[in-house]
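Below is one structure, written out as structure tokens; the observations come after it.
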Amino acid sequence: MAKPGYGKRSAPCQQLRTRDDFALLPTRERYVAGFVDHLPDGAEMSVKQLAKQLPLYGQQAVSTSLKALSVAGHLWRVRCSVGAGDETRWVFRTFWSRTARDNEWWNTYLATETASQTAAPAPDTGPALPWAASEEPPPPARPESPPSAGQDPEPTAVPHQRTPPRAPDAEPTQPTREATPSPAYLALARLGRDDHRLALSAGDCTVLEPLATQWLDRGVTTDYLTSTLKAGLPSQVDSPVGLLRRRLIDKLPPRLPAAASTPADTPTSTPARRLLVECTDCGRPGQPEALLDGLCRPCRTAHSAGGRPSPDPTQIAAVKAHMANLRDLLKPV
């Protein structure tokens, strides 16, 4: 069995598995197709890994067989980007169909959102347990003693939700400046950490906070704010709060017009990533319409010009025996 990992993805709408699924293929391709068809989804589909599991053929034979299966409409290789932002990476998939499909069917399917979701599935997010991971599950409730005949059964008490215990002397307090500082306050407080000439006290940061908030309200970032306040400082600053107040007032950036609102009928969700088809032979990426039969133009031309049926296993054995005989004859006596 091939090692699990990135690899096989089954195409939809396949016929039921029968003994004659690949009867029209040559012997070698039928052998490789039967093995690939029984692999589970997610199994590795690289040529090297498949050659390790197929005792009759090597990597070159497996690569040629996969190319023939791609031309026959059973196999297409794609690459898809997963992640977001700076963590985007490319992963490789091999779509497999027991039922042979033509180029039009593959192009239509690979352009759908279903194919994109199949190639790059979302991470598994299971439901959270009702108790913390470090805690033990709550013990089962013990049955109460049966009530006597002359007493009415008492109503069952509803268990309370699990809440963290509160300290006995703890009292709710109002949020303070240290608990929820604003971005403008934090930017001013960090100035003294970056440059000792701009060290401010807590009272200075509170006084300058409204001026710095005006900057952030006009669309600038905190990095732009701090870099502007630190640029071109004199060698000695006698009054950091006075200098920063003057710069916050004199260098206030202009207010840019609001960005055009998105029309109501425009979808706001992230568009589905389109799959990039990869040539089965050389691995060159391209759009599905440009890679007919899963092959790029040079590989498709070479396959059409030099395509010959795969040799019979008996012929392969005869060639190997003949070469072994020649090697024995060349050995010194």
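What you are looking at is a predicted structure, and each value in this text was computed from that prediction instead of being measured.
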Would you say the side-chain atoms of W106 pair up with the backbone N or O of G73, donor to acceptor, closer than 3.5 Å?
-> yes
Side-chain contact test, heavy atoms from C-beta onward, threshold under 4.5 Å: evaluate it for Y109 versus P12 and give yes or no.
-> yes
H38 side chain to G34 backbone, donor-acceptor under 3.5 Å = yes
Could you give the distance from SG (C279) to CZ (R297), rounded to the nearest 0.5 Å?
-> 12.5 Å
Crowding at CG, L24 (>12 non-hydrogen neighbours, <6.0 Å) | no
Please report the closest heavy-atom contact between C205 and Y185, naming both atoms and the distance.
-> CB-CE1, 3.5 Å
Is D102 reaching over with its side chain to a backbone N or O of W105, donor-acceptor style, under 3.5 angstrom?
-> yes
Once you round to the nearest 0.5 Å, how far does OG of S182 lie from CG of L216?
-> 8.0 Å
L75 backbone acceptor or donor facing S70 side chain under 3.5 Å | yes
Common cluster, V241/L229, ILVMFWY with side-chain heavy-atom separation under 4.5 Å | yes
Using a strict cut-off of less than 4.0 Å between a Lys/Arg side-chain nitrogen and an Asp/Glu carboxylate oxygen, indicate whether D37 and R17 qualify as a salt bridge.
-> yes
Write down the atom of L188, the atom of A212, and the distance for their closest heavy-atom approach.
-> CD1-CB, 4.1 Å
Is L16 atom CG crowded by more than 12 heavy atoms from other residues, nucleotides or ligands, each under 6.0 Å away?
-> no
Side chains of L243 and L233: closer than 4.5 Å at any heavy-atom pair?
-> yes
Do side-chain atoms of Q14 reach the backbone of R98 as a donor and acceptor pair under 3.5 angstrom?
-> yes
Could you tell me whether a side-chain N or O of K8 sits under 3.5 Å from a main-chain N or O of F95, the two making a donor and an acceptor?
-> no
For residues 191-206, which residue pairs qualify under salt bridge (charged side-chain N to carboxylate O under 4.0 Å, His left out), counting only residues two or more places apart or in two chains?
-> D194-K230, D195-R197
Any side-chain heavy-atom pair from V32 and L54 closer than 4.5 angstrom?
-> yes
Can you see which heavy atom on A184 is nearest to which on T213, and at what distance?
-> CB-OG1, 3.5 Å
Is the backbone of S97 close enough, under 3.5 Å, to the side chain of H74 for a donor and an acceptor to pair up by distance?
-> yes
Would V237 end up clustered with L248 when hydrophobic side chains under 4.5 Å apart are linked, directly or stepwise?
-> yes
Test side chain to side chain contact (heavy atoms under 4.5 Å, CB included) on M45 and L39 and set out the steps.
-> CA-CA 9 Å; M45 288 282 294; L39 290 177; 4.0 Å; yes
State the OG-CZ distance between S239 and R246, to the nearest 0.5 angstrom.
-> 12.0 Å
For T314, the side-chain hydrogen bond (donor to acceptor under 3.5 Å, both in side chains) test, sequence neighbours excluded, returns D312
After noting the C-alpha distance and the side-chain angles of N103 and W76, does the key distance pass the side chain to side chain contact (heavy atoms under 4.5 Å, CB included) rule?
-> CA-CA 10 Å; N103 293 316; W76 274 53; 3.4 Å; yes
CZ of R218: more than 12 outside heavy atoms within 6.0 angstrom?
-> yes
Just do the side chain to side chain contact (heavy atoms under 4.5 Å, CB included) check on T64 and R28 with the steps written out, would you?
-> CA-CA 10 Å; T64 305; R28 182 178 62 187; 3.5 Å; yes
Would you indicate whether the side-chain heavy atoms of L66 and L50 approach each other to under 4.5 Å?
-> yes
How long is the span from the CG atom in L191 to the NE2 atom in H196, to the nearest 0.5 Å?
-> 13.5 Å
What residue pairs, at least two apart or across chains, pass salt bridge (charged side-chain N to carboxylate O under 4.0 Å, His left out) with a residue in residues 318-333?
-> D328-K331
Can you find a heavy atom in the side chain of T99 that is under 4.5 Å from one in the side chain of C13?
-> no
Report yes if some heavy atom in the side chain of R9 is under 4.5 Å from a heavy atom in the side chain of T94; otherwise report no.
-> no
Please round to the nearest 0.5 Å and tell me the distance separating atom NZ of K52 and atom CD of Q59.
-> 8.5 Å
May I ask you to decide if T226's main-chain N or O and R190's side chain share a donor-acceptor pair within less than 3.5 Å?
-> no
With a 4.5 Å limit on heavy-atom distance, are the side chains of T228 and W215 in contact?
-> yes
With rounding to the nearest 0.5 Å, note down the distance linking CZ in R93 to CG in D41.
-> 10.5 Å
State plainly whether one hydrophobic cluster holds both V319 and L330, where clusters connect Ile, Leu, Val, Met, Phe, Trp and Tyr through side-chain heavy atoms under 4.5 angstrom apart.
-> no
How far apart are the closest heavy atoms of P240 and L198, and which atoms are they?
-> CB-CA, 4.1 Å
Where the side chain of T108 meets the backbone of E104, is there a donor-acceptor pair that is under 3.5 Å apart?
-> yes
Is there a path from L56 to M323 through hydrophobic residues (I, L, V, M, F, W, Y) whose side chains come within less than 4.5 Å of each other?
-> no
Single-linkage hydrophobic cluster V207~L244, side-chain heavy atoms < 4.5 angstrom = no
Find out whether L69 and W96 are in side-chain contact, i.e. whether some heavy atom of one side chain is under 4.5 Å from a heavy atom of the other.
-> yes
Proximity of Y31 and F22 rings by center, below 6.0 Å = no
